[in-house]
Amino acid sequence: PYQQPSSMDNRLHCFNKLEELFSLYDKVRQAVILLENFNEEQKMYIAPINQLRSALDHIFKAINICDDIEKCEYELKEAKEHLDRAGYDTMELLAANIGITIVEKLKRYDTKTITEVFPYYFTTIKPQLTDIKGIVASLRGNKKIDSDKSFSAYFDQISILINIDKKVDTMIPSLVEYEKKKKNERLKTWVISILSSIISGLIVGIIMYFVTK
C-alpha cells in the first residue's frame, strides 16, 4: 500500500534540492569576490546584491516549510532564478571591469612606447580583448542556456582577462623605465642643443671681436 512520505523524508528531499544549488552559489560567490578586487572606484553594485538577498529570502522560506515538498521546491526554484540573475549581473560587470582596468593601466603610455616595449599588446592582446568582448556579448544574449554551463564559459573568458591583466602588470616597470630613458635622452639632447648654441654664439662673438678690432 502507498505510504505518505514522512516529515523526515520531505526534509531530506528539501535538503538535497538545496544542496544542488551550492555549485551555482559557489560560482556566483567567486565572481562577487573577484569583482571586489577589480573595483578601483570602490563602487557598490546594488543589482547583484539585491538578487543575492532575494535568493537568501527564498532559501530560508524553503527551509522553514521543508515539510511541504511542493512549496519547498517552489521557493528553491525562485532562489535559483535570483542566483542566476546575480551571477549574470556580476559576471558581466567583472568582465567589463577587468577589460577597463587593462586599458586604463596602459592609457598613460603612447603608442610608440608600447610598440617598443610591449609589441604583442597590439599584435595579440588587443585583438584578444576584442574577441572576448564579443564572446561575453554572446553569452549575455544566451541567458536561457543552463546557467551552470554559461557561468563556466564566463569564467573561461574572465580567467583569460585576469592573465592578460597580470601580463600588463609585469610590463609596467619596463614601460616606466623606457619612458624615463627617453625623457633623459630628450633632456640630454636639449642640453647639448642649448650648450651648442651658447658655444656657437661665443665663437661667433669672439671671431667678430677680432675681425672688427
Side-chain angles (χ1 to χ4, degrees), residues 17-62 74-109 111 114 118 120-173 175:
K17 288 289 183 182
L18 178 59
E19 193 174 31
E20 289 173 8
L21 286 179
F22 180 77
S23 175
L24 175 60
Y25 164 75
D26 192 49
K27 285 185 173 66
V28 176
R29 180 184 63 83
Q30 290 178 51
V32 169
I33 292 170
L34 282 172
L35 182 59
E36 290 173 355
N37 293 335
F38 288 93
N39 181 15
E40 293 182 2
E41 296 180 9
Q42 298 298 305
K43 289 181 181 178
M44 180 176 285
Y45 297 104
I46 301 299
I49 291 173
N50 283 342
Q51 294 298 339
L52 285 172
R53 185 169 57 193
S54 296
L56 187 64
D57 286 344
H58 285 290
I59 287 169
F60 273 105
K61 285 178 183 176
Y74 170 78
E75 294 297 339
L76 292 179
K77 176 178 170 293
E78 291 293 307
K80 182 182 183 303
E81 288 182 5
H82 286 292
L83 282 174
D84 284 347
R85 290 175 202 154
Y88 282 115
D89 288 344
T90 305
M91 297 287 188
E92 288 167 16
L93 285 167
L94 180 55
N97 277 16
I98 301 175
I100 290 169
T101 298
I102 292 166
V103 172
E104 286 296 318
K105 285 178 180 178
L106 296 171
K107 196 174 181 180
R108 65 178 294 267
Y109 305 102
T111 303
I114 297 172
F118 195 15
Y120 58 89
Y121 172 73
F122 290 113
T123 59
T124 304
I125 290 177
K126 200 168 182 182
Q128 202 171 16
L129 290 175
T130 302
D131 289 343
I132 291 170
K133 188 176 180 181
I135 292 169
V136 169
S138 176
L139 289 170
R140 188 185 304 127
N142 291 310
K143 289 185 178 181
K144 296 299 180 183
I145 296 174
D146 177 57
S147 57
D148 200 49
K149 292 180 181 177
S150 187
F151 291 166
S152 293
Y154 265 112
F155 268 118
D156 288 343
Q157 302 309 311
I158 287 166
S159 295
I160 295 170
L161 286 170
I162 290 172
N163 285 332
I164 291 173
D165 184 62
K166 289 177 181 176
K167 286 179 183 177
V168 170
D169 283 341
T170 62
M171 294 305 298
I172 295 296
L175 290 166

So do Lys167 and Tyr121 actually touch side chain to side chain, heavy atoms under 4.5 Å? no
Roughly how far, to the nearest 0.5 Å, is CZ of Phe118 from OG1 of Thr124? 9.5 Å
Hey, would you say the Tyr120 and Phe122 ring centroids sit under 6.0 Å apart? no
Would you check, one step at a time, whether the test side chain to side chain contact (heavy atoms under 4.5 Å, CB included) holds for Leu175 with Leu106? CA-CA 9 Å; Leu175 290 166; Leu106 296 171; 3.6 Å; yes
Taking all atoms of both residues into account, what is the closest heavy-atom pair of Asp84 and Phe151, and its distance? O-CZ, 3.5 Å
Is a salt bridge present between Asp57 and Lys61, judged by a nitrogen-to-oxygen distance below 4.0 Å? no
Set of residues satisfying salt bridge (charged side-chain N to carboxylate O under 4.0 Å, His left out) with respect to Lys126, sequence neighbours excluded: none
Output all residues satisfying side chain to side chain donor-acceptor pair (under 3.5 Å) with Tyr74, sequence neighbours left out; order by chain, then residue number. none
If you round to the nearest 0.5 Å, how far is CG of Leu18 from OH of Tyr25? 11.5 Å
Hey, what do you get for CG (Asp165) to OG1 (Thr101), rounding to the nearest 0.5 Å? 6.5 Å
Residue pair Leu139 / Ala153: nearest heavy atoms and the distance that separates them: CD2-CB, 3.7 Å
Which pair of heavy atoms, one from Arg108 and one from Lys105, lies closest together, and at what distance? CG-O, 4.4 Å
Atom pair CG (Leu161) and CZ (Phe38), whose distance is rounded to the nearest 0.5 Å: 8.5 Å
Side-chain contact, heavy-atom cut-off 4.5 Å: Tyr154 with Glu92? yes
Rounded to the nearest 0.5 Å, how far apart are CD of Gln30 and CG of Asp26? 4.5 Å
Worked verdict on Glu78 versus Ser54 for side chain to side chain contact (heavy atoms under 4.5 Å, CB included): CA-CA 9 Å; Glu78 291 293 307; Ser54 296; over 6 Å; no
So do the side chains of Leu129 and Ile125 get within less than 4.5 Å of each other, counting heavy atoms only? yes
All heavy atoms of Val28 vs all of Gly87, minimum pair found to be CG2-CA, 3.8 Å
Evaluation steps, side chain to side chain contact (heavy atoms under 4.5 Å, CB included), between Leu34 and Ile162: CA-CA 10 Å; Leu34 282 172; Ile162 290 172; 4.0 Å; yes
Are Phe155 and Met91 close enough, and set up right, to give a side chain to side chain contact (heavy atoms under 4.5 Å, CB included), and what steps lead you there? CA-CA 8 Å; Phe155 268 118; Met91 297 287 188; 3.2 Å; yes
Give, for atom CG of Leu83 and atom CD1 of Ile59, the distance between the pair rounded to the nearest 0.5 Å. 5.5 Å
Taking all non-hydrogen atoms of both residues, which atom of Pro48 and which atom of Thr90 are closest, and how far apart? CB-OG1, 3.3 Å
Just wondering, do Tyr45 and Leu35 contact through their side chains at under 4.5 Å, heavy atoms? yes
A side-chain contact here means heavy atoms from C-beta on lying under 4.5 Å apart; do Ile172 and Tyr109 qualify? yes
Where does the angle between the aromatic ring planes of His82 and His58 fall among parallel (under 30°), tilted (30 to 60°) and perpendicular (over 60°)? parallel
